[in-house]
Number of protein chains: 2
Amino acid sequence: MEILEQKHIALLTEADRRGDGATANLRLCFEVIALAAAIDRDCAARLAPHNLSEGKFVLLFLLHQMADGLSPHELADRAGVTRATVTGLLDGLERDVFVTRQQSKDDRRKVLVRLSPKGQDAARELFDTHTRWIASLFAGFDESDRQALSALLQRAWRNTDGRRKAMQPKAESEITQ
Amino acid sequence: MEILEQKHIALLTEADRRGDGATANLRLCFEVIALAAAIDRDCAARLAPHNLSEGKFVLLFLLHQMADGLSPHELADRAGVTRATVTGLLDGLERDVFVTRQQSKDDRRKVLVRLSPKGQDAARELFDTHTRWIASLFAGFDESDRQALSALLQRAWRNTDGRRKAMQPKAESEITQ
DNA sequence: GACATATAATTAGTCGCCATACTATATGCC
DNA sequence: GGCATATAGTATGGCGACTAATTATATGTC
């Protein structure tokens, strides 16, 4: 049984053939990506029966903490996606009656999103199920395992472009986004 | 600087508040996912200037190894996506003249996909650039680091649903997909 | 008070992925 | 030989993400 996917194996085989020496690092990278992809697939498969996706689940969860409701803008910020994406997710959630949209009184540009009773139930139940499942993936890891894995992941992460870019934003004269 | 994303932090905060004890495992899972997502983003950002996506890059690379061309079906199998997805990717690659489609003579249902000269160049150059970049993410890892990380990832992977399902397909009387 | 600017949400268009359904062609069996 | 079935490729439509543009509303300044 192999954690890697078809495409990774093809890439590795070719890299090996060329003998460029970095094959071991390539494999490692693909293992990280393949594990994450496997977890994402599991997550999607577990949420699908409820008519939910990962993105929708995050919104549900965010709203659950905020009894007063949140605006799409706030949801976007907290979920880390664009407002346009939130609009799309809310369309689905509203259609399936997990959520209601209601115009704000003090600022008529704003919309207030609240959980419906169905949404409340789903959020409460799924949050538990979900966190228990995720935790179970790492069942059997003790504190030293966790620290070892975390440290190794951090070391790789320090080499990503995205993190580099996030490091010196002060030097820029203009923030593009 | 934090490897985790907004949504992960929100989830963790709530789990912590509830004190369900599994927070450390949750965080670990999110770290894996966040690193993989960061790598995927970098990958997309590096390929975008060439008008390529990760999916298209894989096809380019697969074709590069096969001078005689491949059918969409074979491409789908080796890339690990559906034939329909391959059709879409090929549409884009053909539009940008990375690739040509040509009907097979011996089996008129079949199509033979080949790299154009532009595709050849792109594949050769990008394969090198790309593998060097990926390897550089794990620069500084020695063999024991690699084995440690790999072993930890494998342990988590053994707990995924997808892997479980792949383990006993013999017992089923019918293969649903 | 009016106009420039900022902000909120949505719409429209693109992309990559999927599942499903269709068309054309091969193949196997009676 | 002819019909059922399998296979190859594509079309269609959905989802979730993005950017850019649009519309409505606030706000700040002269």
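Computed over heavy atoms, backbone and side chain alike; hydrogens, waters and symmetry mates excluded. Bear in mind the structure is a predicted one, so any value in this text is a computation, not a measurement. Protein chains get the first letters and strands the later ones, always in sequence-line order, with residue 1 at the start of each.
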Practice problem: Ignoring hydrogens and angles, state whether a donor on the side chain of B/Ser71 or B/Glu74 is under 3.5 Å from an acceptor on the partner side chain. | Solution: yes
Quiz prompt | Pairwise distance CG(B/Asp91) to CZ(B/Arg101) - rounded to 0.5 angstrom | solution = 4.5 Å
Starting at [atom1] of [X] and ending at [atom2] of [N], how long is that distance when rounded to a whole Å?
X        : N      : atom1 : atom2 : result
A/Lys105 : D/dT25 : NZ    : C1'   : 18 Å
A/Gln103 : C/dT10 : CD    : P     : 10 Å
A/Asp107 : D/dT27 : CG    : P     : 6 Å
B/Asp106 : C/dT25 : CG    : C1'   : 12 Å
A/Leu47  : D/dC15 : CG    : P     : 15 Å
A/His73  : D/dT25 : NE2   : P     : 19 Å

Self-check item: Of A/His64, A/His50, A/His130, the residue whose pairing with A/Phe57 passes ring pair (Phe, Tyr, Trp, His ring centres under 6.0 Å)
Solution: A/His130
Quiz item: Between the base of D/dT7 and the side chain of B/Arg109, is there any donor-acceptor pair under 3.5 Å?
Solution: yes
Hey, is the side chain of [X] poking within less than 4.0 Å of OP1 or OP2 on [N], counting only N and O atoms?
X        : N      : result
A/Ser53  : D/dG16 : yes
A/Arg101 : C/dT10 : yes
B/Lys56  : C/dG16 : yes

Quiz item: When the ring planes of B/Phe141 and B/Phe138 are compared, do they come out parallel, tilted or perpendicular, using 30° and 60° as the limits?
Solution: perpendicular
Self-check item: Qualifying residue for side chain to side chain donor-acceptor pair (under 3.5 Å) with A/Asp107, from A/Arg109, A/Gln103, A/Lys105
Solution: A/Arg109
Quiz item: Looking across every strand, which nucleic acid part, if any, lies under 4.0 Å from A/Ser71 by heavy atom: base, sugar-phosphate, or nothing?
Solution: sugar-phosphate
Quiz item: If you pin B/Glu74 and A/Arg108 to their nearest nucleotides in DNA chain D, which one's is more 5'?
Solution: B/Glu74
Quiz item: Are the side chains of B/Phe30 and B/Ile3 in touch, meaning some heavy atoms are under 4.5 Å apart?
Solution: no
Quiz item: Looking at DNA chain D, which of residues 75-97 of chain B put a heavy atom within less than 4.0 Å of it?
Solution: B/Arg83, B/Ala84, B/Thr87
Quiz prompt | Closest non-hydrogen atom pair, B/Leu137 against A/Asn159 | solution = O-ND2, 2.7 Å
